[in-house]
K.L.:
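Quick one: this structure, given as structure tokens, is what I'll be asking you about.
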2 protein chains.
Amino acid sequence: MVDHHTRLVVVNDGETGAARAGDADGPSTARQGRTAAGDVWFRPSRARRETPPLSRERIVREAVALLDEEGAERLTMRRLAERLGTGSTTLYWHVKTKDDVLDLALDSIFGEVGLPSGPDGGRWREDLTALVGGWRAVLLRHPWSAAVLGRPLMGPNVLDRTEFMHATLVAAGFTEPHLSAAAYGLSNYVIGSTLMQATWQARDEETARQAAEEHLRARRDRYPTLAEHGPPIGKDWDASFALGLTYLLDGLEASKL
Amino acid sequence: MVDHHTRLVVVNDGETGAARAGDADGPSTARQGRTAAGDVWFRPSRARRETPPLSRERIVREAVALLDEEGAERLTMRRLAERLGTGSTTLYWHVKTKDDVLDLALDSIFGEVGLPSGPDGGRWREDLTALVGGWRAVLLRHPWSAAVLGRPLMGPNVLDRTEFMHATLVAAGFTEPHLSAAAYGLSNYVIGSTLMQATWQARDEETARQAAEEHLRARRDRYPTLAEHGPPIGKDWDASFALGLTYLLDGLEASKL
DNA sequence: CGAGTGACTGGATCGTTGGTCCGGTGGTCG
DNA sequence: CGACCACCGGACCAACGATCCAGTCACTCG
């Protein structure tokens, strides 16, 4: 019993598909199988033609693409589903919540940049500089990531980088109070820098900078230093980042003595 | 003249008020002045009793309270309005969008911590340490702020602090490539640190830490260093912050030579 | 003293969101 | 041949940010 083609229809001859033969037409016409070309005979065949059956990977890849193109607050489950050619509810089979998608997307971009070859105590400054630079580059290449950094970074790709950083520091000879502080300082410096830069670049940087400059000049009695030196943004992001990093590394190196 | 008792009602004796005498009962009963006790005589007095007529300040103050109590994603215009005893739409007269509320709330908390007394070239390390420490303390006292840092910080309270920082650096003798990089490095270090710490503390830190530790130990072949030293979180936030700050300041100081 | 003004308020409503319910699918294996 | 399972999606829900527009009040001016 129970069997579903309740109304005897040839189901399995390889074509046709005979999707929902009965259904008694339903109470409401309800969109009614898209246009009038819904007759069995025009249906492609093999059910869902060639859709690679929608994996979590495919969802994440498409989410990253959507985020890159339209930004963080334009990511909605519906829009994402539409790009994937499915219904929004289907996504919830592969993923528990929207936050899952964000976490996965965020971790996935860290896979884009390789690690410097194995930690080497003698080259720790170069290795850390390269690591941290790649980290920053990835975050800036996907500016939406900054807005989303306020969640635990515990995905495999992030952990790979964190592991490398700790291993490098250990190999360089740093021990406990300094070890934690070094990892802490480096991570937070990168995160903070990226967050700030992405924040400003997200809204037409030049215009924003000019508005800020004007605002400061108009209140130069209250902000004399800022008015004179210009707004503390966008002077030369790369140079400031590099210089600040050397401060950190210099101070770190000195702590070993 | 001028006197306002339009309908010959003694208005100014301190009571009664005669709020909306006419109104012809309106076309739709529509909730009908809350319950049946809507008769003029039972109405409090003085029109809108004692509501301080809902200023932008009041909105921001209440928004901060709401954020403190319930977190960033529980802030909605409706809930905020309810706490203020008004309808949600009313808020939009004082504020253009919800983001305005966030910007104002974020800036307002920076007013909580004072500035060290005027910049003094000789005490720049102490002054900057104090400034940055206060900054961090405020952000941690309002953990929702971290999730919201991805927006331009250009409010008056933030600018006061930024001005102080720049003035201190100038007074200390830093000049251009270093001046920008120093301000950049310090700000971003604080922001990154706070963001990370608030992120973890937002979800029951001890539990999260244990879960992370377990996760790492289960994969100790992939993350040997991390598994051995424990997850790179929550060891001692304050100490790591202070130590990292000294690295930065040491490196900065060395750059002056 | 009546008409008017501008600051301020809120009910109804719109389009959209994240998420759930539940009734389906096709393919495969016993 | 029937049962199962991985997978899909229409209908639906409560809640959200935002807007429209019809007011109501304190006060001023002619």
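As the structure is a computational prediction, the values presented were derived from the model and not from experiment.
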K.L.:
Side chains of A:I191 and B:Y189: closer than 4.5 Å at any heavy-atom pair?
P.N.:
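A:I191 does not reach B:Y189 side chain to side chain.
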K.L.:
Can you figure out which of C:dC8, D:dG9, C:dG10 approaches the side chain of A:T89 most closely?
P.N.:
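Ranking C:dC8, D:dG9, C:dG10 by closest atom to the A:T89 side chain puts D:dG9 first.
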K.L.:
Are B:R61 and B:E57 close enough for a salt bridge, meaning some N to O gap below 4.0 Å?
P.N.:
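Between B:E57 and B:R61 there is no salt bridge, as every charged N stays at least 4.0 Å from the carboxylate O atoms.
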K.L.:
Can you sort out the partners of B:E69 under side chain to side chain donor-acceptor pair (under 3.5 Å), two or more places apart, ordered by chain and number?
P.N.:
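With neighbours one apart ignored, the set is B:R83.
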K.L.:
Would you say that B:F110 contacts B:H142 through its side chain, given a criterion of any heavy-atom pair below 4.5 Å between the two side chains?
P.N.:
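The answer is no, as the side chains (C-beta and beyond) never meet within the 4.5 Å cut-off.
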K.L.:
Send over the distance from A:L84 CG to D:dG9 P, rounded to a whole Å.
P.N.:
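After rounding, the gap between these two atoms is 10 Å.
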K.L.:
Yes or no on salt bridge (Lys or Arg N to Asp or Glu O under 4.0 Å) for B:R141 and B:D68, after CA distance, side-chain angles and deciding distance?
P.N.:
CA-CA 8 Å; B:R141 183 152 63 237; B:D68 284 347; over 6 Å; no
K.L.:
Whole angstrom is fine here: how far is it from CG in A:L91 over to C1' in D:dC8?
P.N.:
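For the pair A:L91 CG and D:dC8 C1', the rounded distance is 11 Å.
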K.L.:
Is there a side-chain contact between B:H94 and the phosphate of C:dT9, meaning an N or O under 4.0 Å from OP1 or OP2?
P.N.:
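Yes.
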K.L.:
Taking atom P of D:dC16 as reference, at what distance in whole Å does atom CD of B:E70 sit?
P.N.:
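Computing the B:E70:CD to D:dC16:P distance gives 11 Å.
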K.L.:
In whole angstrom, what separates B:K96's NZ from C:dC8's C1'?
P.N.:
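Rounded to the whole Å, the gap is 19 Å.
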K.L.:
Closest heavy-atom contact between A:S88 and A:A81?
P.N.:
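Taking every non-hydrogen atom into account, CA-CB, 3.3 Å.
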K.L.:
Pick out the pairs of N or O atoms, protein on one side and nucleotides 13-17 of chain C on the other, that lie under 3.5 Å.
P.N.:
residue : atom : partner : partner atom : Å
C:dT17  : OP1  : A:R79   : NH2          : 3.1

K.L.:
Which whole-number value in Å describes the distance from B:L80 CG to D:dA15 C1'?
P.N.:
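These atoms are roughly 16 Å apart.
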K.L.:
Counting any heavy atom closer than 4.0 Å, what does A:T97 reach on the DNA or RNA strands: base, sugar-phosphate only, or nothing?
P.N.:
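Since only primed, P, OP1 and OP2 atoms lie under 4.0 Å of A:T97, the category is sugar-phosphate.
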K.L.:
Check whether any side-chain N or O of B:T86 sits under 4.0 Å from OP1 or OP2 of C:dG10, and answer yes or no.
P.N.:
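Yes, because at least one side-chain N or O of B:T86 sits under 4.0 Å from OP1 or OP2 of C:dG10.
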K.L.:
Starting at OH of A:Y92 and ending at C1' of D:dC13, how long is that distance when rounded to a whole Å?
P.N.:
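In whole Å, D:dC13 C1' lies 13 Å from A:Y92 OH.
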K.L.:
Are B:E82 and B:R78 close enough, and set up right, to give a salt bridge (Lys or Arg N to Asp or Glu O under 4.0 Å), and what steps lead you there?
P.N.:
CA-CA 6 Å; B:E82 196 181 4; B:R78 284 180 230 268; over 6 Å; no
K.L.:
Distance check needed: C:dA7 C1' versus B:R56 CZ, whole Å only.
P.N.:
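Interatomic distance, CZ of B:R56 to C1' of C:dA7: 15 Å.
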K.L.:
When the distance from CD of B:E73 to P of D:dA15 is rounded to whole Å, what number comes out?
P.N.:
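After rounding, the gap between these two atoms is 16 Å.
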